[in-house]
A.B. asks: 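Got a structure here, written out as structure tokens. Questions coming.
Proteins get letters first, then strands, A, B, ... in listed order; numbering begins at 1 in each. All figures in this text were calculated on a predicted structure; none of them were measured in a lab.
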Amino acid sequence: MEPSVPMGKHHGGSHREYMAEKKRKLQIQYERTASVAQTEGNEIFRGVSVHVNGYTEPSWEEIKHIMAVHGGRFENYYSRERVTHIVCTHLPESKIIQILNERKPAPMVVKPEWITESLKQGKKLPEVEFGLPRLQLQPGQTTLDGFRRPTPNDEKRPKMDSGKAVAAKTSGVDESLNEALRVAEEARSSCAVLGGRPRSASHDPNFMDTYFKASRLHFIGTWKERIENLMIKVSQEQVVPPIRQDGHFTRAIMHVDMDCFFASVAMLKNPHARGKPLVVCHSNSNQGRAEVSSANYEARKFGVRANMFIGEAKRLCPQLIVMPYQFDLYQDVSEAVYLIMFEMFPGRVQPVSCDEAYIDATNLDDPISWASKVRSEIFSRTGCTASAGISCNMLLSKIATGRAKPNGQLFVSFEEGVAFLKSMKVAELPGVGWSTRQKLTAMNIDICADLVEVPKSVLQQEFGQKTGELLFNHCRGIDGRKVETQPVRKSIGAEVNWGVRFNHEAEAIKFMEDLCGEIQKRLRHAKLKGRCVTLKLKRKQQGANEPYKFLGHGKCDNLSKSLTLASCIDDAKELMNSCLSLWQSMRFPANELRGVGISVTRLDNGQGMCASPYKNGSITRYLVEQAEAGALVEGKQPLPGNRDIGGRSSAKENIQLAGKPNQPLKPEQSPGSKDVCRKMCSLGSPETLPPLSQVDKEVLHALPEELKVELERAYQLRMNLQQPRGKPTRKSFPKARKSPRAKPRSPSQTAGLEIPTRAEDCVTFTQVDPAVFAELPKHIQREVKATYTHSRRVIRTRLFERNRDDAVEGVDQGTQRGSPSGSLLAQPWDSFKTELESRCEAIFEHLSEGHVDKYTVHLGIFQQVMFDVCGQLVVGNLETLRLLLRWLLRKTVHDDAWKVAVDQIVRHAQHLVGSSYAGGTLRL
DNA sequence: ATCCTCCCCTAC
DNA sequence: TAAGGTAGGGGAGGAT
Ligand SMILES: Nc1ccn([C@H]2C[C@H](O)[C@@H](COP(=O)(O)OP(=O)(O)OP(=O)(O)O)O2)c(=O)n1
Ligand SMILES: [Mg+2]
Ligand SMILES: [Mg+2]
Ligand SMILES: [Mg+2]
């Protein structure tokens with residue numbers, strides 16, 4: 001039963017008492033749930049799988065429990081594959097309308113009384129008597145595409161008080177709601193005090209600090225470094241018994257995750273909000289574009305989700321309670337939770353996030369009761385509930401947790417896990433996100449059962465070796481990942497992609513300095529240094545408007561460039577030197593900046609325990625060694641830490657910086673470039689290489705040839721950087737960003753047909769003055785050539801663009817993936833045809849056996865593969881392409897889906913031909 | 001083969 | 001108004 005608030009009493013009675021009572025009840029409920037041995041009741045709901053929508057009486061928690069006891073299942077989220085019954089009291093949520101409009105057989109929609117009455121009578125009653133009177137659907141509602149968003153004043157929407165049947169309590173419920181809203185309001189205004197006025201980066205000298213303090217993503221992103229402290233402390237006091245691994249025996253993996261973590265913590269501070277929809281978010285505005293961080297399970301019944309704009313959330317659920325962030329509390333709760341886990345499972349815990357961990361429970365006597373123990377301990381120490389899943393690997397245990405939520409636990413055997421997996425949407429697989437889902441959808445793959453149909457080779461063709469294999473395994477419930485209790489850090493970085501609006505380059509530079517300061521802090525905290533510095537920039541796309549999201553980055557091009565140093569650094573100034581070099585080579589008008597990030601890789605803890613040890617020798621190692629020995633510089637001074645002797649990329653870059661190969665393109669003076677030069681000089685970036693004159697001649701002479709070359713490059717770099725006054729750079733500062741909409745181009749040898757995809761790609765090798773080129777030393781020639789090819793490397797494009805505010809409109813560039821095995825190009829048409837025939841035969845077999853679903857899936861895959869094949873053939877084998885298309889068109893198949901697929905393939909091919917050969921078409 | 005850079009994608 | 005960070009996995013394509 002929904003623990004009832006002691007009406008009218010709770011003002012006098014202490015919160016403490018109330019909380020104690022609350023906890024006691026939740027505890028009981030938890031124990032019941034946890035101990036359901038599914039033998040307790042008759043199983044009248046066997047085969048039933050319910051999803052609750054909006055408010056109901058009994059509450060969803062009770063329904064969940066009833067299902068657990070009586071053989072049914074409870075689904076937190078609606079899934080056509082799994083849900084047999086939707087339970088709701090009121091009429092049409094947009095969700096329901098959508099469901100009813102689906103072509104496939106929809107689940108039954110019943111009132112909650114169906115459950116209570118069935119329970120009373122001890123048998124499953126016919127659903128019809130408890131159906132919803134359908135045609136209270138809106139007038140004008142069509143069934144075809146009638147997805148009508150409910151208007152905010154839609155009377156039919158479930159209201160806060162509507163779920164409670166007892167009329168006498170109505171006013172009490174209202175009071176409770178008002179109290180909850182009041183507390184939320186108070187909490188929001190009290191934390192707004194420290195804020196002040198809204199400011200973009202250029203307006204607020206203290207922007208970065210303010211920003212990071214208020215950023216939830218910063219909090220969850222930097223959480224790991226905070227938990228590391230705790231781990232160190234704990235591990236010092238702990239003897240870690242080794243995990244017995246009896247050969248190949250089955251592992252037991254437990255996954256523990258706090259239920260709606262931030263929202264749960266918020267409910268601790270606002271107990272009246274329990275049982276009511278609540279989110280954590282910065283803004284309470286009805287049109288706000290602030291993101292929901294966490295939604296409690298009541299709010300989720302209304303479709304409210306993390307990451308949703310608050311305006312959208314409030315539209316779905318107008319009575320939503322909005323609580324502000326309480327980062328300190330999240331930290332406290334998180335630490336409490338981890339202390340419990342570290343103590344109960346020494347040496348077996350892999351922290352995943354502030355609210356989530358894996359535990360290797362292999363050979364613990366009873367993982368299920370361990371899960372109960374850890375959950376009840378978490379609850380009694382924090383007042384927040386956790387859920388747990390147990391299975392034989394990390395994948396299945398995580399999925400089990402999801403099924404157990406909220407406040408539940410579940411053990412699944414491999415077989416059960418796999419059976420369940422098959423009904424899951426592919427997007428529910430960990431590792432499959434938005435983009436992969438789009439790709440799979442395009443292949444007609446919707447649920448994991450579809451994915452299982454796809455041969456590994458096809459997945460690898462489409463997604464790459466590892467990713468393909470991963471998908472192949474995961475959809476079968478196979479996951480070989482080990483619980484990693486001491487992950488090694490490989491990079492440290494900081495970035496800001498919100499509120500970045502500059503008018504002057506100097507502001508941008510200052511911003512980078514702040515970032516470097518932040519990184520120095522974190523490097524030192526982690527006692528690490530690194531020797532590769534990466535600068536990542538977001539640049540407003542040309543013509544992009546101010547984004548929908550306030551001070552957001554909007555539509556951007558992402559740029560990144562890295563510089564590898566001779567030795568490891570952790571000093572902000574030194575980091576900044578590298579950043580300035582990098583900025584110098586990527587530079588564009590500061591008012592187009594929308595995001596700046598800096599990160600450091602190739603970390604070294606100074607103990608010889610390199611996260612990424614330099615593997616190959618070459619100059620880098622040599623110089624480091626020399627530096628350590630103090631041999632390279634006169635007077636035996638150790639080399640300053642940050643000479644950038646140029647990684648390969650920067651060396652190339654610097655060749656370009658010299659400007660010679662690019663002469664046809666006029667370099668451009670950017671506003672403030674002189675400032676940068678001065679700054680760079682004053683910071684000493686180029687100077688930190690010892691002057692050539694100071695380098696011990698003997699040592700230099702003794703260098704192996706290739707090392708000498710690299711050293712020369714380093715000095716070349718310095719010279720280039722010191723003379724950018726008249727002519728700063730070229731490539732990095734394209735005057736006009738031409739045709740940002742250009743289509744991706746096949747990496748082809750057909751030189752005459754190239755379509756430049758970016759302004760900087762206009763620099764073709766043929767534009768390099770041959771006389772100048774001939775003058776260059778051999779190794780420089782090499783570099784120039786490399787640079788040339790490098791710069792016109794195929795631009796990898798995102799396959800699909802998200803359709804939020806920042807999506808690029810109309811991006812349809814379908815196919816830059818798939819990979820040229822090369823064999824196709826060489827293969828004669830005849831043998832290719834044989835392969836095609838057998839492939840098609842296999843596909844049609846599904847059809848003739850009546851497996852329409854399988855047929856559809858395989859046809860989708862076939863289409864996708866053909867897209868890729870066309871991509872390959874259009875490059876160098878147009879004749880084969882023509883034959884292929886003719887063959888497809890002539891093949892007589894009496895199935896519409898096939899005809900559609902062929903039509904798509906042909907269109908796609910013609911499109912490719914058109915873009916590769918200036919609007920040409922293949923005659924078929 | 002393996003490394004490296006410059007991306008993209010995913011999860012929290 | 002709003003606080004779109006952080007780290008790892010991995011792919012493509014070029015260099016070695
Ligand atoms: N896009 C996201 C995802 C998560 N979080 C924060 C808020 C969450 O409370 C916390 C933990 O993330 P989970 O994915 O575990 O989500 P919840 O704990 O909120 O819900 P669940 O019960 O599904 O675990 O991280 C966030 O701010 N933004
Ligand atoms: Mg959670
Ligand atoms: Mg989590
Ligand atoms: Mg997923």
A.B. asks: Just distance, no hydrogens or angles: give the donor-acceptor pairs under 3.5 Å from side chains in residues 426-433 of chain A, sequence neighbours left out.
C.D. replies:
{"unit_1": "A:Glu428", "atom_1": "OE2", "unit_2": "A:Lys425", "atom_2": "N", "d": "3.0"}

A.B. asks: Do the side-chain N or O atoms of A:Thr467 get closer than 4.0 angstrom to the phosphate oxygens (OP1, OP2) of C:dG11?
C.D. replies: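 Answer is yes, contact under 4.0 Å.
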
A.B. asks: Would you say A:Lys490 reaches C:dG9's phosphate, i.e. side-chain N/O to OP1/OP2 under 4.0 Å?
C.D. replies: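 For C:dG9, OP1/OP2 do have a side-chain N/O of A:Lys490 under 4.0 Å.
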
A.B. asks: Give A:Gly499 one of three labels, base, sugar-phosphate or nothing, depending on what nucleic acid heavy atoms sit under 4.0 Å from its own.
C.D. replies: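 Touches nothing.
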
A.B. asks: Using ring-ring contact (aromatic ring centres under 6.0 Å, His included) as the criterion, point out the one residue from A:Trp223, A:Tyr211, A:Phe212 that pairs with A:His218.
C.D. replies: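 For A:His218, the ring-ring contact (aromatic ring centres under 6.0 Å, His included) check succeeds only for A:Phe212.
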
A.B. asks: Heavy-atom nearest nucleotide on DNA chain C for A:Ser283 versus A:Thr222: which residue maps closer to 5'?
C.D. replies: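 This one resolves to A:Ser283.
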
A.B. asks: I want to check one thing: is the phosphate of B:dT5, taken as OP1 and OP2, less than 4.0 Å away from some side-chain N or O of A:Ser560?
C.D. replies: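 The answer is no; no side-chain N or O of A:Ser560 sits under 4.0 Å from OP1 or OP2.
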
A.B. asks: Would you classify A:Lys536 as touching base, sugar-phosphate or nothing, given that sugar-phosphate means primed atoms plus P, OP1 and OP2, and contacts are heavy atoms under 4.0 Å?
C.D. replies: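 Answer is nothing: A:Lys536 stays at 4.0 Å or more from every strand.
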
A.B. asks: With heavy atoms under 4.0 Å as the rule, sort A:Pro430 into base, sugar-phosphate or nothing.
C.D. replies: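 Here A:Pro430 touches the backbone only, sparing every base.
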
A.B. asks: Using a 4.0 Å heavy-atom cut-off across all strands, classify A:Phe212 as base, sugar-phosphate, or nothing.
C.D. replies: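 The residue A:Phe212 makes sugar-phosphate contact but no base contact.
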
A.B. asks: Reckon A:Ser599 touches a base, only the sugar-phosphate, or nothing at all at heavy-atom distances under 4.0 Å?
C.D. replies: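 A:Ser599: no heavy atom of the nucleic acid under 4.0 Å.
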
A.B. asks: Say you pick atom C1' in C:dG4 and the same atom in B:dC9; how far apart are they, in whole Å?
C.D. replies: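 So the two C1' atoms sit 16 Å from each other.
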
A.B. asks: List the residues meeting side chain to side chain donor-acceptor pair (under 3.5 Å) with A:Glu225, not counting sequence neighbours, and say none if there are none.
C.D. replies: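 With sequence neighbours excluded, A:Glu225 shows a side chain to side chain donor-acceptor pair (under 3.5 Å) to no residue whatsoever.
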
A.B. asks: Is there a salt bridge (charged side-chain N to carboxylate O under 4.0 Å, His left out) between A:Arg226 and A:Glu335 once you walk through the steps?
C.D. replies: CA-CA 9 Å; A:Arg226 292 189 298 275; A:Glu335 288 189 10; over 6 Å; no

